[in-house]
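Quick caveat, the model's predicted, so the values are computed rather than measured. Only this structure's heavy atoms are used, side chains among them; waters, hydrogens and symmetry mates stay out.
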Amino acid sequence: MTTIASGTDTLTRDALTVLQPGFTGTTAPDWLLRRLGEGLASVGLFGRNIASPEQLAALTAQLRAERDDVLVAIDEEGGDVTRLEVRSGSSFPGNHALGAVDDVELTRQVAAELGRRLAACGVNLNWAPSADINSNPANPVIGVRSFGAGTALAARHTAAYVTGLQSAGVAACTKHFPGHGDTAVDSHHALPRIDAGASVLTERELAPFRAAIAAGTRAMMSAHILVPALDPDRPATLSRAVLTELLRGELGYTGLIVTDGMEMQAIAATYGIERGSVLAIAAGADAICVGGGLADDETVRRLRDALVTAVRSGELPEARLAEAAERVRELARWTATATADPVEARPDIGLVAARRALRLTGAASFTPLTEAPYVAAFTPVANIAVGDETPWGVAADLGRLLPGTRTGSHTGEDAGREALAAAGGSRLVAVVRDEHRHPWMATALDDLLTARPDTIVVEMGVPQAAPRGALHIATHGAARVCGRAAAEVIAGVQAP
């Protein structure tokens, strides 16, 4: 039953309603339940909050016992960015793999099955899909989270993903508007800048978002990026020109606008989270995402008080805050009444998609392994969106198919020589992730292939570098199912 604490005024309730905070632990803390009673309408979940589907279902039930219309959000893209399976790796390939297959019906089916699993656990808002076009190969934060570098490709798969996810009764939150793909800076660490002209933005970056709007996306997430062609002074999250004039006005979007995480350094280090939250709501955002890093009651209190103070001082129109809060409630009403399409569960659809996404070079002359190899994982530093908790690679699956498989993680300028020494006489399988972005990784492969030309190379990032090795497998992502699909090829296992 929805409860609102007596004595909580409308302004304070509205300020709480627009917040989407996180918390620590696998059960809801007392402070969070109290805030739900006072007007908080949304909660964000991360990997730290999830131990199993059963535990997650119990947690969301606990939240709904306090407020039955609460929006429970999660950052579950599938692929490299997973919260449901943060400790095992995802059962679904990510966007880049789906884009490589380029079957929009497959993308819809994958999103529908992911949505079905989220809904079964009580999650009703997914901060996905990423509609960013990976137009800059050096992008350190989007990469395989994008459907690809093609405008039409990204647009049609974004629409299919939104349709599939929402067919399960889970609201899609398409991100990162107006497009984070043409950046070489990670907005978790600093403020990226995109210098493309207005015509390029219109034809390229905005196309997938137009497709998402046409498909009925219920939410849209803003990007912490500066786009001078749209607003020379403020990043998109804080820009009225971007959120109200462009997204609402020109594109005609009427759903919920959510900010990216306000504790990301692109905002926190330039404006601060309190000031940034006030500016975001004033610019046209309806919900403030915070909680990936800051996940406590003090953060909620600070942001609530900043919004209330801004209204009382006249800096933030009370009508704008009320409008934002009403959009949150409107989305909550949609999730409460949305009915899932009566389709049969497809627990295997992720593996099916991962197998179809493989691109093999040298397969015609390759003989599958029959003896246990040494798997050298050349491991880059993970970006914050992906995190370093989630396992990746092919070693675990090769170990099941070829018992005795050994593995090691290598990094830096001596990685290749270290891998050769560790391998001994075993056949080498080198696993890389975005070789084109890491010179040390390319050097390591040079060392391996010079000494051992029969080395098998598995690229689990964006396959931008030229394929090489006795067999080169591009998986287009590092999800668990992508590693399994690659291991099946290496060991010559016929997919059922």
What is the minimum heavy-atom distance between R204 and A196, and which atoms define it? NH2-CB, 4.0 Å
Between the main-chain N or O of G122 and the side-chain N or O of R64, is there a donor-acceptor pair closer than 3.5 Å? yes
If I compare all heavy atoms of S130 with all of T158, which pair ends up nearest, and what's the gap? O-OG1, 4.4 Å
Are the side chains of P235 and L191 in contact, using a 4.5 Å heavy-atom criterion? yes
Short side-chain to backbone donor-acceptor contact, E113 and A345, under 3.5 Å: no
Counting only N and O atoms by type, is there a donor-acceptor contact under 3.5 Å from the side chain of E263 to the main-chain atoms of G293? yes
Looking only at the side chains, is there a donor atom on one of S91 and E85 sitting less than 3.5 Å from an acceptor on the other? yes
N-O pairing of R108 and D103 below 4.0 Å: no
Between F378 and T411, is any pair of side-chain heavy atoms under 4.5 Å apart? no
Trace of the side chain to side chain contact (heavy atoms under 4.5 Å, CB included) decision for R480 with S90: CA-CA 5 Å; R480 172 169 50 86; S90 182; 5.9 Å; no
Is a side-chain donor or acceptor of R67 paired with a backbone partner of L40 at a separation under 3.5 angstrom? yes
Would a distance-only check, ignoring hydrogens and angles, find a side-chain to backbone donor-acceptor pair under 3.5 Å from R87 to I50? yes
Would E203 and T151 count as a side chain to side chain donor-acceptor pair (under 3.5 Å) if you check the C-alpha gap in whole Å, the side-chain angles of each, and the deciding distance to 0.1 Å? CA-CA 8 Å; E203 295 172 9; T151 299; over 6 Å; no
After noting the C-alpha distance and the side-chain angles of L246 and L206, does the key distance pass the side chain to side chain contact (heavy atoms under 4.5 Å, CB included) rule? CA-CA 10 Å; L246 175 58; L206 297 183; 4.1 Å; yes
Determine the minimum heavy-atom distance between A168 and A112, stating which atoms define it. CB-O, 3.9 Å
Can you name the ring-ring contact (aromatic ring centres under 6.0 Å, His included) partners of F209, sequence neighbours left out? F177
All pairs passing ring pair (Phe, Tyr, Trp, His ring centres under 6.0 Å) where residues 77-111 contributes a residue, at least two apart: H96-H476
Short side-chain donor-acceptor distance under 3.5 Å, S409 and T379: yes
Sidechain-backbone polar pair: T60 side chain, A57 backbone, donor-acceptor under 3.5 Å: yes
Where do E77 and R83 land on the salt bridge (charged side-chain N to carboxylate O under 4.0 Å, His left out) test, with the steps shown first? CA-CA 8 Å; E77 300 176 14; R83 312 306 178 207; over 6 Å; no
Establish, from distance only, whether the side-chain atoms of T217 and T174 form a donor-acceptor pair under 3.5 Å. yes
For A211 versus A159, what's the shortest heavy-atom pair and its separation? O-CB, 3.9 Å
Without swapping roles, check the side chain of Q166 against the backbone of A172 for a donor-acceptor pair under 3.5 Å. yes
So, do Q265 and H224 sit near enough that their side-chain heavy atoms are less than 4.5 Å apart? no
Dump the intermediate steps for side chain to side chain contact (heavy atoms under 4.5 Å, CB included) on V242 and V227, then the final yes or no. CA-CA 9 Å; V242 173; V227 188; 5.8 Å; no
Is the shortest distance from a Lys or Arg side-chain nitrogen in R433 or D80 to a carboxylate oxygen in the other one below 4.0 Å? yes
Strictly distance-based, threshold 3.5 Å: is any side-chain N or O of D434 a donor or acceptor partner for the main-chain N or O of H436? no
Could you tell me if D132 and H176 have a donor-acceptor pair between their side chains, going purely by distance under 3.5 Å? yes
Between T390 (side chain only) and V86 (backbone N and O only), is there a donor and an acceptor less than 3.5 Å apart? yes
Are V123 and V72 packed together at the side-chain level, in the sense that at least one heavy-atom pair is separated by less than 4.5 angstrom? yes
Can you name the one residue among L471, V375, I473 that meets side-chain contact (heavy atoms from CB on, under 4.5 Å) with V429? V375
Lys/Arg N to Asp/Glu carboxylate O, E205 vs R210, below 4.0 Å: no
With salt bridge (Lys or Arg N to Asp or Glu O under 4.0 Å) as the rule and sequence neighbours excluded, what pairs involving residues 286-296 come up? R248-D286, D286-R320, D286-R327
To the nearest 0.5 Å, how far apart are CG in N126 and CG in L118? 5.5 Å
Residues N134 and S146: side-chain donor-acceptor under 3.5 angstrom: no
Atom CZ in F23, atom CG in L32: separation rounded to 0.5 Å? 6.0 Å
For A353 and L106, work out which heavy atoms get closest and say how close. CB-CD2, 3.8 Å
R240 side chain to A283 main-chain N or O, any donor-acceptor pair under 3.5 Å? no
To the nearest 0.5 Å, what is the distance between SG on C173 and CD1 on I257? 10.0 Å
In terms of side-chain heavy atoms, does Q20 have a donor or acceptor partner in W127 at a distance below 3.5 Å? yes
With sequence neighbours excluded, tell me which residues meet side chain to side chain donor-acceptor pair (under 3.5 Å) with E459. none
List the steps, then state whether side chain to side chain contact (heavy atoms under 4.5 Å, CB included) holds for L303 with L19. CA-CA 8 Å; L303 296 186; L19 302 181; 3.9 Å; yes
Quick one, M220 and K175 - any side-chain contact, counting heavy atoms below 4.5 Å? no
Sequence neighbours excluded, which residues qualify as side chain to side chain donor-acceptor pair (under 3.5 Å) partners of W392? none
Nearest 0.5 Å please: distance from the OG1 atom of T163 over to the CD atom of E105. 10.0 Å
Let me confirm one number: the CZ-OG1 distance from R218 to T254, rounded to the nearest 0.5 Å. 8.0 Å
Are any non-hydrogen side-chain atoms of L45 and L56 less than 4.5 angstrom apart? yes
Quick one: closest heavy-atom pair of I194 and P228, and the distance? O-CD, 3.2 Å
So which pairs with a foot in residues 155-165 pass salt bridge (Lys or Arg N to Asp or Glu O under 4.0 Å), sequence neighbours left out? D102-R156
State, with a plain yes or no, whether a side-chain heavy atom of P178 is found less than 4.5 Å away from one of I225. yes
What is the distance from atom OG of S222 to atom CG of L243, rounded to the nearest 0.5 Å? 5.5 Å
R329 vs D14, test: salt bridge (charged side-chain N to carboxylate O under 4.0 Å, His left out). Steps then yes/no. CA-CA 10 Å; R329 298 182 190 111; D14 284 351; 2.6 Å; yes
pair R355-R484: side-chain heavy atoms closer than 4.5 Å: yes
